[in-house]
Undergrad: 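What follows is a structure written as structure tokens; I'll ask about it next.
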2 protein chains.
Amino acid sequence: MAELDKFDYRLLELLQENSRLTGGALAEKVGLSSAACLRRVQRLRETGVIERDVAVVSPKVFGKRMMVIVLLTMERDRPDRYILMRDAFAKMPEVVQCHHVTGAHDFVLRIQVSDMEEYSAFVERVFHEPYIKRYESLAVLGSLK
Amino acid sequence: MAELDKFDYRLLELLQENSRLTGGALAEKVGLSSAACLRRVQRLRETGVIERDVAVVSPKVFGKRMMVIVLLTMERDRPDRYILMRDAFAKMPEVVQCHHVTGAHDFVLRIQVSDMEEYSAFVERVFHEPYIKRYESLAVLGSLK
DNA sequence: CATTCTTTGCGAAAATCTCGCAAGGATTTG
DNA sequence: CAAATCCTTGCGAGATTTTCGCAAAGAATG
């Protein structure tokens, strides 16, 4: 994609907040015509600047009321495990986010479950493996964004 | 909101993946008419089951290529600081996520910046405060989801 | 089994998006 | 510096999508 100008940035900013804004609403806020806005947004999507559009569903409704952040440390002797782990995490519905990080830990996971029982079972199933050296669970009390 | 049935769950599932599916496309996938699907989706939005719709913008294109996870520990003598901190974080564009957690740390932040220089400046500005006892920065090498 | 409440599909009307076109700027080229 | 080229704009028509009223089909209630 070519360069993005200030109009594009403004559009991205707005759509990141609310992707359902209509061409008219965008036009009003950025100072272009509706058609121009929509054309630009279309282009942003085609070129991959906007990767996708998603609905944010309240976790409560889904019954997943408990969130835990896990700091995971693996044994250092098997670096190939990293990719396997990553792929395994990708498939687990409880894992809503997975970051491979530098430093004392290897992964930071964000886990979403119904209750402590479910979390407990998850830990048992996933973390009690020989190549996992240590894991630290941080229960989330509240979140922003 | 009343109870959600299997149609609602299916719709949520689909819209979480792609919120731009049209009524017709939804209809085809869930086996209801276009109007029925749209009515249900409308209701899911009104009742807050769908909290919002957002465009996912490629961080690279946005020039925010660096992601850092920060484990933050505050001094224990001022619990009221928590709320202030939280609100402060909410306003910072670098902070894309903020979780208040139990355990040794108080907050887990996800920070998105352009480069090390910007991160460095952010740390200087935000974390070098007397009520912040310790912070640990984990640079993100790669992520899922 | 009648009543009431809810949800459906249909179809018309409203809103929104897409696209071709001519015009206005910006950039390049000679 | 002007001509040529390229890019983006606003407009407006046409296509697509969403909203909404309505009658009917299902469920739930008593």
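Below, chains carry the letters A, B, ... as their sequence lines are ordered, and counting in each starts from 1.
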Undergrad: Separation of A/Leu38 atom CG from D/dG10 atom P, in whole Å?
TA: 12 Å
Undergrad: Tell me which one of A/Arg81, A/His99, A/Arg76, A/Arg134 satisfies side-chain hydrogen bond (donor to acceptor under 3.5 Å, both in side chains) with A/Asp106.
TA: A/Arg76
Undergrad: Do B/Arg52 and A/Glu17 meet the salt-bridge criterion of a basic N to acidic O distance under 4.0 Å?
TA: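 A salt bridge is present here (some side-chain N lies under 4.0 Å from a carboxylate O).
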Undergrad: Enter the distance from A/Arg40:CZ to A/Leu26:CG here, rounded to the nearest 0.5 Å.
TA: 11.5 Å
Undergrad: What's touching nucleotides 5-9 of chain C from the protein side, N or O pairs under 3.5 Å?
TA:
from, atom 1, to, atom 2, distance (Å)
C/dT8, OP1, B/Arg40, NH1, 2.2
C/dG9, OP1, B/Ser33, N, 3.3
C/dG9, OP2, B/Ser33, N, 2.9
C/dG9, OP2, B/Ser33, OG, 2.6
C/dG9, N7, B/Arg39, NH2, 3.0
C/dG9, O6, B/Arg39, NH1, 3.2

Undergrad: May I ask you to check whether B/Tyr119 and B/Ser137 show a side-chain donor-acceptor distance below 3.5 Å?
TA: yes
Undergrad: Send over the distance from A/Glu46 CD to C/dC19 C1', rounded to a whole Å.
TA: 13 Å
Undergrad: Whole-Å distance between C/dC17 C1' and A/Arg45 CZ?
TA: 11 Å
Undergrad: Set out, in order, the CA-CA distance, both residues' side-chain angles and the distance that settles side chain to side chain contact (heavy atoms under 4.5 Å, CB included) for B/Met74 and B/His105, then state yes or no.
TA: CA-CA 8 Å; B/Met74 301 177 65; B/His105 311 96; over 6 Å; no
Undergrad: Quick check: closest heavy atoms across B/Pro59 and A/Glu51, and the distance to 0.1 Å?
TA: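 Closest heavy-atom pair between B/Pro59 and A/Glu51: CD-OE2, 4.2 Å.
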Undergrad: Using atom CG of A/Asp8 as one end and atom C1' of D/dC7 as the other, report the distance to the nearest whole Å.
TA: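 It works out to 13 Å between those atoms.
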Undergrad: Please go through B/Met67's hydrophobic cluster and name the other residues, only I, L, V, M, F, W, Y counting, with side-chain heavy atoms under 4.5 Å joining them.
TA: A/Met67, A/Ile69, A/Leu71, A/Val101, A/Val108, A/Leu138, A/Val140, B/Ile69, B/Leu71, B/Val101, B/Val108, B/Leu138, B/Val140
Undergrad: Measure from the side-chain N and O atoms of A/Asp87 to the backbone N and O of A/Leu84, and report whether any donor-acceptor pair falls under 3.5 Å.
TA: no
Undergrad: Between D/dA28 atom C1' and B/Glu3 atom CD, what is the distance in whole Å?
TA: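 In whole Å, D/dA28 C1' lies 16 Å from B/Glu3 CD.
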Undergrad: Write down the distance between CG (A/Leu44) and C1' (D/dT8), rounded to a whole number of angstrom.
TA: 14 Å
Undergrad: Which angle, to the nearest 10 degrees, lies between the helix axes at the two ends of the helix from C/dC1-D/dG30 to C/dG30-D/dC1, each defined by five pairs?
TA: 40°
Undergrad: Without decimals, in angstroms, what is the distance between B/Gln42 CD and D/dT19 P?
TA: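 Atom CD in B/Gln42 sits about 5 Å away from atom P in D/dT19.
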